[in-house]
Amino acid sequence: MIKKITAILMVAIMILSFASCGGAGDSGEKAEAPKTIDLQAIKAEMITQFNIDSPIDLDNDKLLNQYGITAESVKSSGSFIVLTGIFPAEIVMIEAVDENAAKEIKDKLQARLDDLKVQSQSYDAESYSIAQNCSIFTNGNYVAMFFSEHGAEMENLYLKYFE
Amino acid sequence: MAKFGLDRLIFIAVSIVVIALIITFGEKNNKNESETTTSVSATIVTTTAPVSSTTEALTETEPSTGETDTTEPVETAPVERRTPNVHFFVPESPRVDESYFDDVVFVGDSVSLRLTYYNMANECFGDAVFLTSGSLGVTNSQWGLYEPKAVHPSYQGQKVTVADGIQKCGKKKVYIMLGINDMAYYTRPDLFAQFKSLTDSILEKSPDVTFYIQSVTPMTGNKNGTTNDEINEYNALISQYCCQKGWYFVDVASVLRDENGLLPRKYCSDPDGMGIHFTDAACEVWKEYLYTHVPAEALETTAPSTTAQTTKAATTTKSTTKNS
């Protein structure tokens, strides 16, 4: 009898475990679904955390003039520059409208980064070093570049929003 | 048999539970690891530097001398000190409004690059386009678009030669300040020849533009393989050429030099470095000079009531062909 009860309990536990696993699977699927990230919130946190004075907002016109990124390809943005040194810090965080737009934006930012490397190489060692350590981040439709002396810290802050 | 079956069932059940628990916790750990891995591996495009370098680059550093000193008071009425041997220039005029710059394209190097960002912050030049790039010079601006080490500017994110950029943007007033990056490598006659070649190439593609050649601004000292005397000689040469061609010479340098002919340190963002780049205060002076030094012909289209005249007649015969 005891064995029967034990068996029933074990089966019950097993069923609950499977149910639990099933639940975990669901949440996992949800986690893989595209997140909506508030890029303005990240921007605000960066400005506070790094004591950024007088950031210049990169609106649609400026994104076009600076990077060739068109307003049609941008769903949301938290991009800005900060005037420091010869080359300003360029913080670009963009949610593209779709996958193709994200790829296009990534290519344009990469071109800009390559340009910064060539321009700074001969006379601005600090900016050249920053450019060499800088990368273009893509995460789904989100594309980002942190050309800044705080680049890696900004990357970490940015990526936390995707966890 | 029944007993054996029950024991076996219990054993299997317990095993399944244990396996399920292992899988559950294992997945959680793996999920965390994979998320971290994805966050890094899926996103890095160009990182080449080792981690230690990255860390070093992030270290908080004291503000360099290249930082913009925004606390300095802006000199609203700087003293004008004419560039030596420059006798043809756009004199002071009534102040134009921002719309004057709607038809302007600025061409320049890292000095003008600062004006680009100054404008981005202050939106003071209307719809002006900036074809500016660090290390740009009279010579390398005529290189092929994809030559190694070419530093052509970008127009709306697309790399262009200066001549192509001016043609693409369609602006008719072309303000150029170039030359400082060439001086260490070319003699004055060679550089002057390159300057003529550049303006010719621009006119070839955009024959209806008007040139506003800005004087190259001084350095805080003799640096970067060149001297302020050489800058002055170059300025004199191109001002004479402007006179010959009926173009305008805008002597911006006249308000950005001190009594010793040097760029004042308060206007320089890197006085102990290259000694040529500007602070916001210098950009403010520069901007005001451009607003108040517009030729009469251009004023007529933007401010009909003004009567300022350009002093075109003062062509000098004094030699300005001294070589470096």
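Reminder, nothing fancy here: chain letters follow the sequence lines and each chain counts from 1.
Between atom CZ of residue Phe278(B) and atom CD1 of residue Ile86(A) there is a gap of 12.5 Å, rounded to the nearest 0.5 Å. Here the straight-line distance linking atom CG of Asp59(A) with atom CD of Glu123(B) works out to 7.0 Å at 0.5 Å rounding.
Taking a 6.0 Å sphere around NZ of Lys103(A), one finds it holds 12 or fewer heavy atoms contributed by other residues, nucleotides or ligands. Counting non-hydrogen atoms of other residues, nucleotides and ligands closer than 6.0 Å to NZ of Lys223(B) gives a total above 12. Counting heavy-atom neighbours within 6.0 Å of Glu99(A) CD, excluding the residue itself, gives a total of 12 or less.
Scanning all heavy atoms of the two residues, the minimum distance from Tyr123(A) to Gly134(B) falls at OH-CA, 3.0 Å. Ala150(B) and Val118(A) make their closest contact through O-CG1, 3.5 Å (heavy atoms, listed as atom of the first residue, atom of the second, distance).
Heavy atoms of Ile81(A) lying under 4.5 Å from chain B belong exclusively to its side chain. Only the side chain of Lys62(A) has a heavy atom closer than 4.5 Å to any heavy atom of chain B.
Side-chain contact check for Leu83(A) versus Arg114(B): some heavy-atom pair is nearer than 4.5 Å. Using a 4.5 Å heavy-atom threshold, the side chains of Tyr117(B) and Gln66(A) count as touching. You'll find the side chain of Gln119(A) stays beyond 4.5 Å of the side chain of Leu136(B), heavy atoms only.
Ranked by heavy-atom pairs under 4.5 Å with chain A, the first of Pro148(B), Ser133(B), Ser154(B) is Ser133(B). Ranked by heavy-atom pairs shorter than 4.5 Å toward chain B, the options Asp115(A), Leu116(A), Val143(A) are led by Asp115(A). Note: Gly68(A) leads Gly68(A), Ser127(A), Ala144(A), Ser120(A) in heavy-atom pairs under 4.5 Å with chain B.
Tested against Met120(B) for a side-chain contact (heavy atoms from CB on, under 4.5 Å), the candidates Asn65(A), Leu58(A), Asp61(A) yield a single pass: Leu58(A).
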